[in-house]
Amino acid sequence: MTTELRAMGPDDWDAYYGTVIRAFGGDPKEPAERSSWYRVWEPERALAAVDGDDVVGTATAYGFRMTVPGGTPVPSAAVSLVSVAPTHRRRGVLTGMMRRQLDDVRAAGEPLAILTASEPVIYGRYGYGGASRKLRATVDTTRVTFAAPPEADDVRLRLADPGKALPDCEALYARLVPGRPGMLTRISEAWARRQIEDPPAERGGASPLQCVLAERNGELLGYARYAVKPQWDESGAYGSVRVWDLEALEPGARAALWRYLAGIDLTASIELDSRPVDDPFQYLVSDPRRCRLRVADQLYVRLVEVGTALAARSYSGPLDVVLEVDDAFCPWNAGRWRLGADAGGAVCERTGAPADLALDVRELGAAYLGGVPLSGLAEAGLVRELRPGALEAASTAFRGTRAPWSPYGF
């Protein structure tokens, strides 16, 4: 039979999600986890590749707004639940879904598409560039201490029910979103609640989710959500504290939260799976070597409308550069674009002027959030300088003051 692409409806969820689960190893999720994903699903944006009565491929997107350099939230299609049945691999199913999806994203007026990749090698050919990284760490709290400024001493720490504290934590999170490229607005209460959902089957032997609030004079200044995994041997306890979220408005609250996590009884380590690569905890620890710092790829960015996307962000200095953009998958982006930026904003328009830099849209996506330098991409042979001096000026202007990072997956 011929495989065709179809839009999905709310009644198609079971077949749709079942295809995703099989493609990711076949481990069925418990009903609570399955329901959680259903509550945030946007069926009107879901695509399926269908062979007869069988769903053999899936791809969906969520309508987020992502912070870009300058603090502007830009409409961004968050691509998710992408899968192809093992019986239909290497038949063009994924390419067909990606083609249709990017056309739909463009029609919806979203200049950016973003994703976190299960296999990064797949998405470069569709124009996605690795734009942010995350820091992982295992902190040996038997040998590492956390410094703290004096104002940490008047921070009150209070344990709270994660669900009851969620509205206040979400309000604090919303204040932080404009401050870091890559952060996403929560687009619904269902997305907010996903941050505290805690299926027992997913805990891996750890405790239920815990929440600690940092306050001063009754004002919430920070919070951390974590779980404790007890472990014992003949020498005693060596449990670990698994930190899922830690956000704070000021250094004193932040340091107080780290000191608290490092001092939980019967534990010997803090496990961090995703923090910004410039997270200040690195500068508070007494011995960074005993923190086992590792860096991993995280957010991938695809410029769906080059002109709109480049004009939506700010730049670290004045810029006047002509970019020759190659985009085989979205040909409406291909060609020359003149990008001008100053303190008043940015403009990016088509031009017939000679190009100063030549690059693929994938590299433009990698550099877009300000975390990957154009100069580094050029040293890798992925950006070509056509006018002397253009690379240094553009690389400086594109860089941001804070590392891009997205605190949760989709």
Side-chain angles (χ1 to χ4, degrees), residues 30 32-33 134-166 168-169 172-173 193-216 220-248 250-276 279-294 296 407-409:
E30 64 176 41
E33 177 74 358
K134 62 182 179 180
L135 186 66
R136 290 173 167 165
T138 302
V139 182
D140 179 356
T141 52
T142 68
R143 306 179 78 167
V144 173
T145 58
F146 284 80
E151 56 266 31
D153 293 333
D154 63 3
V155 172
R156 179 195 179 209
L157 298 176
R158 177 169 64 89
L159 288 170
D161 177 270
K164 293 179 180 178
L166 182 61
D168 290 337
C169 292
L172 187 147
Y173 173 84
R193 292 206 67 82
R194 271 200 57 80
Q195 310 316 305
I196 61 167
E197 286 172 347
D198 183 33
E202 301 292 319
R203 292 175 185 163
S207 72
L209 187 69
Q210 310 291 308
C211 179
V212 60
L213 307 179
E215 301 170 327
R216 184 184 295 114
L220 181 64
L221 298 176
Y223 64 89
R225 292 192 282 249
Y226 65 96
V228 176
K229 182 175 181 179
Q231 298 180 92
W232 298 76
D233 63 15
E234 61 275 10
S235 301
Y238 64 103
S240 60
V241 180
R242 298 178 174 178
V243 179
W244 303 123
D245 300 285
L246 192 153
E247 304 291 352
E250 48 112 282
R254 184 179 297 109
L257 288 167
W258 285 119
R259 285 199 308 190
Y260 166 81
L261 294 167
I264 292 176
D265 287 341
L266 306 180
T267 66
S269 65
I270 294 175
E271 298 282 349
L272 306 174
D273 182 66
S274 179
R275 299 300 303 167
D279 193 293
F281 93 85
Q282 303 168 85
Y283 316 123
L284 297 174
V285 296
S286 58
D287 188 346
R289 294 183 186 178
R290 297 193 180 277
C291 295
R292 289 185 55 205
L293 303 174
R294 295 97 68 196
Y408 68 102

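Numbers here simply count residues along the sequence, with the first being 1.
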Spatial distance of atom [atom1] ([X]) from atom [atom2] ([Y]) [nearest 0.5 Å]:
| X | Y | atom1 | atom2 | value |
| --- | --- | --- | --- | --- |
| E215 | L221 | CD | CG | 8.0 Å |
| L272 | R292 | CG | CZ | 11.5 Å |
| D198 | R203 | CG | CZ | 4.0 Å |
| D245 | L209 | CG | CG | 8.0 Å |
| C211 | Q195 | SG | CD | 12.5 Å |
| L213 | L159 | CG | CG | 8.0 Å |

Which pair of non-hydrogen atoms, one from [X] and one from [Y], has the smallest distance, and what is that distance?
| X | Y | value |
| --- | --- | --- |
| A152 | G252 | CB-O, 3.4 Å |
| S240 | Q231 | OG-NE2, 3.9 Å |
| V241 | L261 | CG2-O, 3.9 Å |
| Q282 | P276 | NE2-O, 4.4 Å |
| G163 | I196 | CA-CD1, 3.6 Å |
| A227 | A206 | CB-CB, 4.0 Å |

Between [X] and [Y], is any pair of side-chain heavy atoms under 4.5 Å apart?
| X | Y | answer |
| --- | --- | --- |
| R294 | L135 | no |
| R225 | E247 | no |
| P280 | R254 | yes |
| L166 | R193 | yes |
| Y173 | Y223 | yes |

Got a donor-acceptor contact below 3.5 angstrom from the [X] side chain to the [Y] backbone?
| X | Y | value |
| --- | --- | --- |
| E202 | P199 | no |
| S286 | T145 | yes |
| S269 | V139 | no |
| Q210 | P208 | yes |

Discussion item. Would you say Y260 and Y226 are linked by a side-chain donor-acceptor pair, where the criterion is simply a distance under 3.5 Å?
Written reply: yes
Exercise for review: Consider only side-chain N and O atoms of E271 and T138, and report whether a donor and an acceptor are under 3.5 Å apart.
Suggested key: yes
Is the ring pair F281/F146 parallel, tilted or perpendicular, if the boundaries are 30 and 60 degrees?
tilted
- Is any side-chain N of the basic residue among R259 and D153 closer than 4.0 Å to the acidic one's carboxylate O? yes
If you measure from the Lys or Arg side-chain nitrogens to the Asp or Glu carboxylate oxygens, is any gap between E250 and R216 under 4.0 Å? yes
### Message
Show, in sequence, the C-alpha distance, side-chain angles and deciding distance for K229 and T267, and conclude whether the side chain to side chain contact (heavy atoms under 4.5 Å, CB included) test is met.
### Response
CA-CA 8 Å; K229 182 175 181 179; T267 66; over 6 Å; no
* Do D287 and R143 pass the salt bridge (charged side-chain N to carboxylate O under 4.0 Å, His left out) test, and can you show the C-alpha distance, the side-chain angles, and the key distance before you say yes or no? -> CA-CA 8 Å; D287 188 346; R143 306 179 78 167; over 6 Å; no
